[in-house]
Amino acid sequence: LKNTALERIAAAADADALEALRVEYLGKQGSISALLKTLGKMTPEERQTEGPKIQGARTAAADAITARKEAFDNAALEAELATQTLDLTLPGPQTPAGSIHPVSQVMDELAEIFADLGFAVATGPEVEDEWHNFTALNMAETHPARAMHDTFYFPDRDGDGNRMLLRTHTSPVQIRAMKAEGAPIRIIAPGRVYRSDSDATHTPMFHQIEGLVVDRDIHLGHLKWTLETFLKAYFERDDIVLRLRPSYFPFTEPSVEVDVGYRQESGRRVVGGSGDDDGHQWMELLGSGMVNRRVIEMAGLDPDRWQGFAFGVGVDRLAMLKYGMNDLRAFFDGDQRWLSHYGFSA
Ligand code: PHE
């Protein structure tokens, strides 16, 4: 029985014939299965001699069937591969990828420009306390400038008079950086800031980059050179013309507001040239000044030894100017069509 079974299995023409043989020998009603059942009725001596023979036949048949089946499967696969052609020039599946948001892009560009000028990147919390956001920046509780900031306050739970708030500017990072690192120091601090204000040119959350240099003998000339150098690099043109106007910030003295020359070209503002030239205008770009000695003092440094300048510039405004957007609110809509219109899609 064993030999004929093995011969027939070897001769099976295809997978179907093989399956029929499996049923015939090893199925519930199969002839080898039937032999196995006879073992129960044998005497122990008979079982000793017959048992291994029957088991051997079963194992041999099962192994032969498995081997033959594998051969059939392989042959089928080979046949399939032989008829199939693979076009390796077809494009791969398109996986949609995200893209960098213009605000992130500009913050990266600025970090790179300032890194070349020796500035490190500093950060501070968006949920800030009154002391860092106002008091240490020379805005005492009764200072009118506090009211001008449209501040989002949290409830004063512990009643210690140092309320938590959403920072209204990146200037508190000046204090944190000076306290943490002392002087000399050269940092920029990019991040989100919040003011309760909303129209086409104001959103309740927007982005600033703070700049701070504290060292020996720092003067306004250093500030002007730094701003000119960074704006030339950022706008990738040499004809950047700045106008410095006297201004007021509690944390700088003197304070300087900086305008940049631009002209209107096919519906968008193009930075460059002097606002006093034909067809040019001035646009307010940023606030800056020499760090007020009271601020240096409150940050724990000796104002007779250390002087510095600081500036704060709106990142969203810088992005709009470079990439030609006109509505600030669109920055925060997350509309893919808007992003791709300005070349920011993947
Ligand atoms: N913090 C000021 C603002 O948000 C900008 C500023 C920064 C001005 C640093 C002077 C120095 O308007």
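In listed order, ligands and their atoms are each counted from 1.
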| said: Strictly below 4.0 Å, N to O, side chains only: are Arg294 and Glu297 in salt-bridge contact? | reply: no
Check each N or O atom of ligand 1 against all protein N or O atoms and list the pairs under 3.5 Å, with atom names and distances to 0.1 Å, one per line.
residue, atom, partner, partner atom, Å
ligand 1, 1 (N), His169, ND1, 3.0
ligand 1, 1 (N), Ser171, OG, 2.9
ligand 1, 4 (O), Arg195, NH2, 3.0
ligand 1, 4 (O), Gln208, NE2, 3.0

| request: Under the side-chain contact (heavy atoms from CB on, under 4.5 Å) rule, collect the residues that match up with Ile240, sequence neighbours excluded. | output: Leu231, Lys232, Phe235, Arg237, Leu242, Val260, Val271
| Residue Gln336 excluded, over 12 heavy atoms near CD under 6.0 Å | no
| said: Tell me every residue that passes side-chain hydrogen bond (donor to acceptor under 3.5 Å, both in side chains) with Tyr234, counting only those two or more places apart in sequence or in another chain. | reply: none
| field | All pairs passing ring pair (Phe, Tyr, Trp, His ring centres under 6.0 Å) where residues 159-193 contributes a residue, at least two apart | value | His149-His169, His169-Phe251
| For the atom pair CZ (Phe332) and NE2 (His207), what is the distance rounded to the nearest 0.5 Å? | 5.0 Å
